[in-house]
Amino acid sequence: MSDIIQLLPDHIANQIAAGEVVQRPASVVKELMENAIDAESTEVEVIIKDSGRTLIQVVDNGKGMSETDARMSFERHATSKLRKADDLFNIRTMGFRGEALASIAAIAHVELKSAIPNAAIGTKILVEGSKIIDQSPCSCPVGTSISVKNLFYNVPARRNFLKSENIEFNHILEEFYRVALIHYNVGFSLYHNDKLIYKLTKSTFKSRIVNLLGKSYNEKMATIGQKTDFLSITGYIGKPDIAKKTKGGQYLFVNRRFFKHPYIHNAITRAYQELIPDGYYPSYFMFFDVDPKTIDVNVHPTKTEIKFQDEKLMYAVVHSTTKKALAENSLTPSLDFDTDNSFNVDFLPKDYPIKQPTIQLNPDYNPFKSQVPSTSSYKKEPLSERDKNNLENWTKLYPPTNTDFESSTNTEITQTSITQNNHKEAVSYGTFFQLYQSFIITKIKSGLIILHQNAAHERVLFERFLKRIDSNQTSCQHLLFPVTIDLNAADAEILKEILSELSKIGFEISEFGKNTFLVNGTPPDLTTVNIKEEMEHWIDSFKNNMMLSSLERKVNVAMSMAKSLAIKSGKILTSEEMETLTNEIFACSIPHESPYGKKTFKIISKEDLYQYFN
């Protein structure tokens, strides 16, 4: 049998490596920024065009490369950061494998210009698909400039898999944050399509967080710190009131390297128990300084996964440190048993008459006797034309009869309690029954219908907002006091992008300085909403929806608002609210499914019930 194992040519091996290292334009930005940091730069400039498809350029003022080093940098496993195998266990640089430039050059057109201090001239190298096209002397400042053009030009399948420009730029922003946040002693600039997005000067860690993520973080962070024999923790944690429904604002760094670790994330979020609602995520910016020998950073090509020598000990220290920081900053509830001096009556004259309080008791009072009024006290509003249409749609599907719906005139509200946690389990309002504060149950001719209140309301709101955007005929309720909203640069760009859709829904929003907006009016049915908090939730949902799929902008806006404003599980509804929601869901064009694909209702037929018990 002939030999079948062969060495791959370098250009093929480089493309395979590129598949691991360069997954999208953001990967190139990450690798080039980290190389600039390793070059001891004090100023780094990132220039992007078309979200990285056309151009990614990173310019630094670091120590530069000689002519030989510049040529060697495009070879696989050529690095200045490792000399022997033992160096793998003492890594403090951002890069170390020597694969980044070789992988990038295999799938793009790359131009490198670099010069070292005191050199008369620098070096220019052009590479296309791993092939050196030109190497010549050039005039350039000390440092390195790398331009990556036409990314994935020779891998069309991968280029076709790239998402929309907004999605790819958001990925680039996230990588920019991860490097710029922890290297606050370095100045960074970011340009996109010739527009300056960020201009960051050298600052403190807290100032860098505020400059990147928005002014709202300035007064909403608490200092965290702990030093042990094997670990030093510094940084900031967000106060409970800035916790969000979507992930974002969670940053962990070890030896100035960003990493992800679900186990440590759980240690932090568990410290916030009973301080933030379920489903919310706290913000944190933690920097761990450990002995490089106790961690392994060579786990994944992107180097965002870290293995710790003793993860259980790390978990315990991080959890207790977070708890301590929350307590020291008065962010956890506490009981004060100290006597209030204002109740001290020693200053009164000795002969001052003090009247003893008296308490009247009612021996016939029974706290367990229900005093809840009957449902007959509820008044129903006359049905609008739309509600009549809703009921017509309802009756076409499941026509009610006098015997199908029992009269609620003499039906009293009944409720059951769960003994262990004293939470209301079920509430009945005549023909409507709320179970677990999440489901609405009512009887129809063919059996029972169970409605998921959150999913159903999401569908109702989604179609309502989408209809307003399409019709562009809505009213606006002007606010007596405009609401000011401060956002980071990325979120500000998103809000600018969707202002047209928001105005059609009924919002009146104007720009008020850099990354600051004034909300002057809202739709009449949203006047009781916390606009500032909800706006942040809408933007977060909008970004998450973009990451998942390429949605039409108006659809994404309607989905994001519906998800944020919909009735949540756990909310007790009145009879009118349950009836209105039930009618409205069957007036929707797609009543059986929420905009996020969740089922809105379930019908259990009378035949199924009888068959089950036979």
Side-chain angles (χ1 to χ4, degrees), residues 89-92 94 174-175 177-184 204-210 212-213 217 219-300 302-334:
F89 305 101
N90 194 31
I91 295 173
R92 285 195 176 272
M94 302 297 290
E174 184 60 29
E175 295 295 348
Y177 291 163
R178 292 173 180 180
V179 177
L181 270 173
I182 194 60
H183 296 96
Y184 48 85
T204 62
F205 192 17
K206 183 175 182 180
S207 296
R208 182 58 57 87
I209 294 171
V210 173
L212 277 174
L213 301 180
Y217 283 85
E219 303 297 330
K220 300 293 185 179
M221 293 189 297
T223 305
I224 186 172
Q226 182 67 47
K227 191 169 185 179
T228 67
D229 293 338
F230 72 98
L231 170 68
S232 174
I233 302 177
T234 55
Y236 297 91
I237 57 173
K239 295 181 179 179
D241 55 346
I242 63 169
K244 297 182 178 181
K245 298 178 183 177
T246 54
K247 290 183 179 180
Q250 293 84 36
Y251 293 91
L252 296 173
F253 304 93
V254 59
N255 297 348
R256 291 188 173 266
R257 180 193 302 279
F258 172 83
F259 73 101
K260 297 177 181 179
H261 205 292
Y263 194 51
I264 293 179
H265 171 77
N266 179 264
I268 298 169
T269 54
R270 202 164 66 86
Y272 279 85
Q273 279 186 346
E274 301 179 1
L275 294 178
I276 60 177
D278 290 339
Y280 279 66
Y281 300 91
S283 296
Y284 52 80
F285 308 85
M286 291 191 190
F287 172 41
F288 303 151
D289 192 359
V290 302
D291 185 344
K293 295 179 181 178
T294 64
I295 62 174
D296 183 4
V297 299
N298 194 22
V299 178
H300 191 273
T302 60
K303 294 170 286 190
T304 56
E305 295 182 15
I306 304 290
K307 286 291 185 182
F308 292 92
Q309 197 171 60
D310 193 337
E311 291 189 342
K312 291 184 179 179
L313 184 59
M314 283 285 296
Y315 185 100
V317 173
V318 172
H319 177 72
S320 61
T321 303
T322 307
K323 270 281 192 184
K324 179 183 175 184
L326 290 170
E328 287 178 345
N329 290 276
S330 303
L331 303 180
T332 56
S334 60

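No hydrogens, no waters, no symmetry mates; every other heavy atom, side chains included, goes into these values.
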Tell me the closest heavy-atom pair linking L212 and A180, and the distance in Å. CD1-CB, 4.1 Å
Take atom NZ of K244 as the centre, draw a 6.0 Å sphere, and report whether it contains more than 12 heavy atoms from other residues, nucleotides or ligands. yes
Do T269 and Q250 have side chains that approach each other closer than 4.5 Å (heavy atoms only, starting at C-beta)? no
After noting the C-alpha distance and the side-chain angles of V318 and F288, does the key distance pass the side-chain contact (heavy atoms from CB on, under 4.5 Å) rule? CA-CA 10 Å; V318 172; F288 303 151; 3.9 Å; yes
Interatomic spacing from NZ in K307 to CD1 in I295 - rounded to 0.5 Å: 13.0 Å
Which pair of non-hydrogen atoms, one from A325 and one from T223, has the smallest distance, and what is that distance? CB-O, 3.7 Å
Identify the two heavy atoms, one from I224 and one from I237, that lie closest to each other, and give their separation to 0.1 Å. CD1-CG2, 4.0 Å
Supply the atom-to-atom distance M314 CE to T228 OG1, rounded to the nearest 0.5 angstrom. 9.0 Å
Does the K206 side chain pair with the main chain of Y217, one donor and one acceptor, at a distance under 3.5 Å? no
Looking only at the aromatic ring of each residue, does the gap between the centers of F285 and Y251 stay below 6.0 angstrom? yes
Measure the CG-CD1 distance between L213 and I242 for me, rounded to the nearest 0.5 Å. 9.5 Å
So F230 and D310, do their side chains get closer than 4.5 Å, heavy atoms only? no
Determine, stepwise, if the pair L181 / F258 fulfils side-chain contact (heavy atoms from CB on, under 4.5 Å). CA-CA 9 Å; L181 270 173; F258 172 83; over 6 Å; no
What's the shortest heavy-atom distance between E311 and H261, and which atoms? OE2-NE2, 3.2 Å
What verdict does the ring pair (Phe, Tyr, Trp, His ring centres under 6.0 Å) test give for Y272 and Y284, after you've listed the backbone C-alpha separation in whole Å, the side-chain angles of each residue and the deciding distance to 0.1 Å? CA-CA 11 Å; Y272 279 85; Y284 52 80; 8.1 Å; no
Side-chain heavy atoms of F308 within contact of L313, under 4.5 Å: no
Heavy-atom donor-acceptor pair, R208 side chain to I182 backbone, under 3.5 Å: no
Of all heavy-atom pairs linking R178 and F253, the shortest is O-CE2, 3.2 Å
Would you name the heavy atoms of V290 and N255 that are closest together and state the gap between them? N-OD1, 3.0 Å
Heavy atoms, side chains only, cut-off 4.5 Å: are I306 and R257 in contact? yes
I'd like to know whether the aromatic ring centres of F287 and Y184 sit less than 6.0 Å apart in this structure. no
Would you confirm whether H183, through its side chain, and V179, through its main-chain N or O, come within 3.5 Å as a donor-acceptor pair? yes
First locate atom CD of E219, then atom NZ of K239, and finally report the distance between them rounded to the nearest 0.5 Å. 7.0 Å
Calculate, to the nearest 0.5 Å, the distance between atoms CZ and CD1 belonging to F259 and I264 respectively. 4.5 Å
Looking at OG1 of T321 and CG of L326, how far apart are the two atoms once the value is rounded to the nearest 0.5 Å? 11.0 Å
Stepwise side-chain contact (heavy atoms from CB on, under 4.5 Å) test for L252 and I268: CA-CA 11 Å; L252 296 173; I268 298 169; 3.9 Å; yes
